[in-house]
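Here is the structure we will look at, set down as structure tokens.
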Amino acid sequence: MSLTRLTFATAFAAGTILSGSALAQEDSVLVGHLADYTGATSFVGKQYGPGVSDAFKQINADGGIDGTMVELDTVDYAYKVPEAIALFKRWVGNGMVALQGWGTADTEALISFVAREEIPTISGSYSAHLTDPQGKNPNTRAPAPFNFFYGPSYSDSCRALVQWASEDAKEKGVENPTFVHTGDNHPYPNAPKEACASYAEELGFTVAPPVVVPLAPGDFKAQCLTIKDSGAQYVYMGNLGGSVVSLIKSCNTVGVEATYMGNPWAGDYQTVEAAETQNLIFPSSTPFYGADVPGMELVKKIVENGEGQVGDRPTHHYLRGVCSAYYMKEAMEWAKANGGINGKNIRDGMYQKSDWVPEGLEGVCSPSTWTEDDHRGLLKVTINSGSFKDGEAVIEKIAEIDVPRRDEWLGQ
């Protein structure tokens, strides 16, 4: 047990709760890290989670938060909401100052907890329900003043995809194109469902009834026949990994002719190779590993000095984890210089820069801006096309779309 943990334990045994200012004097601070390495989203969790943990390992090697080490407690909670809530409560009891979160169901379930305890959370969930900090939109489910994420929301990514699809349909001479949402009946794939369907209708799509597809891989021929009967030319996939692969392969066997559009976790070289697909369209918010950008040198260093969980060819999900860690790192640096490393100060540190790229990650992390009124940090969406050619995945950037910052879309 570290000196910091002993200090926490001694203080709580004596009935004394350490204040934020007291925490700032510690040699290290505790950050909780929810990771999914064995659960339903582990296909991408095994990339994003190590991105976070390897990044903090590198941050500590480079001096931490201006001399304060980050004690990252990574736990595989297997995508289980009760486990995430229990871990959160335990970490708060141990003096946690910030949380690196993961799934949509648990992140949304924790909104009131993180607000009450003032624990800034940067999650791997990009649910738009996390983007209205003040609850200014009357349709917002709940204000989320301490929730952040790096990248466009699921809703805004899907809006970008249907905007691209609208232009694609015009180029192909398709009149009155049909859009269909697919995904499990679960907070993660459901997060953008209504918002994206509404925008698709606005752009002139016929929106077919959504098709429920389990998050676990399986034989989805029945669902594919429903998609075929709908006449959909554009199929949005709210799931990821094996489920996406199963859907594409099942639909190919029954003759579905459509363009498949994935959410931010549904597209990567591993999925394209496994599905052997020729038309997977998906969004991204970082370049791919090895790209010729200045910040890739730091990413390569993080991989080299990391725990080796992702081998020598990490996906861009790993890079998003790295960005999430470094945004938190710089917010913590601001906090330390402005009253101490505690939750409220870290939260306020997220508001100090506009078009913000963490130092050393230029060209890797897209310029992002969070404000007290709007946690939609990034609205520029890169659209990629993935295809399987000559035994390997070929991924090409095909568009870059600026999603409008509409007031009525805040929190939606």
Side-chain angles (χ1 to χ4, degrees), residues 8 12 17-24 29-34 52 72-73 75 77 80-151 153-155 187-188 190-191 324-325 327-328 330-332 334-335 338-352 368-378 407 409-412:
F8 289 148
F12 278 92
I17 299 177
L18 294 176
S19 68
S21 60
L23 285 172
V29 289
L30 175 63
V31 173
H33 178 206
L34 292 170
V52 172
L72 188 74
D73 190 6
V75 178
Y77 77 115
K80 297 176 181 178
V81 174
E83 180 70 9
I85 294 173
L87 284 165
F88 179 86
K89 292 178 178 179
R90 188 185 81 192
W91 283 326
V92 167
N94 288 336
M96 173 173 62
V97 298
L99 174 67
Q100 285 282 336
W102 176 238
T104 297
D106 42 277
T107 302
E108 291 188 353
L110 284 168
I111 288 175
S112 62
F113 291 87
V114 301
R116 182 175 64 246
E117 302 294 343
E118 297 187 339
I119 303 295
T121 299
I122 299 182
S123 68
S125 168
Y126 306 147
S127 170
H129 303 146
L130 307 169
T131 60
D132 186 357
Q134 307 297 333
K136 289 195 171 184
N137 188 334
N139 295 318
T140 294
R141 294 184 181 182
F146 281 82
N147 285 95
F148 302 87
F149 53 78
Y150 165 68
S153 72
Y154 295 136
S155 296
Y188 155 52
N190 281 343
S324 296
Y327 278 112
M328 180 173 282
E330 292 195 359
M332 294 172 81
W334 185 91
N338 290 273
I341 306 177
N342 61 45
K344 185 176 182 299
N345 288 344
I346 297 169
R347 187 273 311 270
D348 292 347
M350 296 292 293
Y351 302 145
Q352 300 307 310
S368 301
T369 304
W370 294 273
T371 70
E372 295 179 359
D373 298 319
D374 192 336
H375 283 190
R376 289 176 290 185
L378 181 60
D407 290 342
W409 287 352
L410 181 62
Q412 302 297 306

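Just the heavy atoms: all of them, side chains too, but no hydrogens, waters or symmetry mates, feed the values below.
- Side-chain N or O atoms of Q134 include one that pairs as donor or acceptor with a backbone N or O of E372 at under 3.5 Å.
- Every residue two or more places apart in sequence or in another chain that forms a ring pair (Phe, Tyr, Trp, His ring centres under 6.0 Å) with Y126 is listed here: F149, Y154, W265.
- Counted within 6.0 Å of CD on Q352, heavy atoms from surrounding residues, nucleotides or ligands total more than 12; the atom is thus considered enclosed.
- Residues H375 and P133 meet the side-chain proximity criterion, which asks for heavy atoms closer than 4.5 Å.
- In this structure, T121 contributes its side chain and I119 its backbone to a donor-acceptor pair below 3.5 Å.
- Using a 4.5 Å cut-off on side-chain heavy atoms (C-beta onward), I85 and D106 make no contact.
- In this structure, I122 CD1 and I346 CD1 are separated by 9.5 Å, a value rounded to the nearest 0.5 Å.
- Note: R347 CZ to M350 CE = 11.5 Å, rounded to the nearest 0.5 Å.
- Interatomic distance, CG of D348 versus CG of N338, reported as 9.0 Å (0.5 Å rounding).
- Side chains of S324 and Q100: no donor on one and acceptor on the other come within 3.5 Å.
- Cation-pi contact between R116 and F113: present, with separation from the ring centre below 6.0 Å and deviation from the ring axis of at most 45°.
- Here M328 contributes atom CE and L99 contributes atom CG; the two are 7.0 Å apart, rounded to the nearest 0.5 Å.
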What verdict does the side-chain contact (heavy atoms from CB on, under 4.5 Å) test give for H33 and D73, after you've listed the backbone C-alpha separation in whole Å, the side-chain angles of each residue and the deciding distance to 0.1 Å? CA-CA 6 Å; H33 178 206; D73 190 6; over 6 Å; no

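- Distance check, rounded to the nearest 0.5 Å: OH of Y77 to CD of E83 gives 10.0 Å.
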Could you go through S125 and T107, starting from their C-alpha distance and side-chain angles, then the distance that decides it, and tell me whether this counts as side chain to side chain donor-acceptor pair (under 3.5 Å)? CA-CA 7 Å; S125 168; T107 302; 4.8 Å; no

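- Between E117 and F88, the closest side-chain pair of non-hydrogen atoms falls below 4.5 Å.
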Does the side-chain contact (heavy atoms from CB on, under 4.5 Å) test come out yes or no for V97 and L30, once each step is laid out? CA-CA 6 Å; V97 298; L30 175 63; 6.0 Å; no

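- If you take NE2 on H129 and CG on L410, they are separated by 11.5 Å, rounding to the nearest 0.5 Å.
- In terms of modelled atom types and a separation under 3.5 Å, the side chain of N137 and the main chain of G411 share no donor-acceptor contact.
- Residues D132 and W409 form no side-chain contact, since every pair of their non-hydrogen atoms from C-beta on lies 4.5 Å or further apart.
- Relative orientation of the Y351 and F148 rings is tilted, given thresholds of 30° and 60° on the angle between their planes.
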Under the side-chain contact (heavy atoms from CB on, under 4.5 Å) rule, what do M332 and N342 come out as? Steps first, then yes or no, please. CA-CA 8 Å; M332 294 172 81; N342 61 45; over 6 Å; no

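- Side chain of T371 to main chain of D374: a donor-acceptor pair is present (N/O by atom type, distance under 3.5 Å, no hydrogens or angles).
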Before you tell me yes or no, could you show the steps for M96 and R90 under side-chain contact (heavy atoms from CB on, under 4.5 Å), namely the whole-Å CA-CA distance, both residues' side-chain angles and the distance that decides it to 0.1 Å? CA-CA 9 Å; M96 173 173 62; R90 188 185 81 192; over 6 Å; no

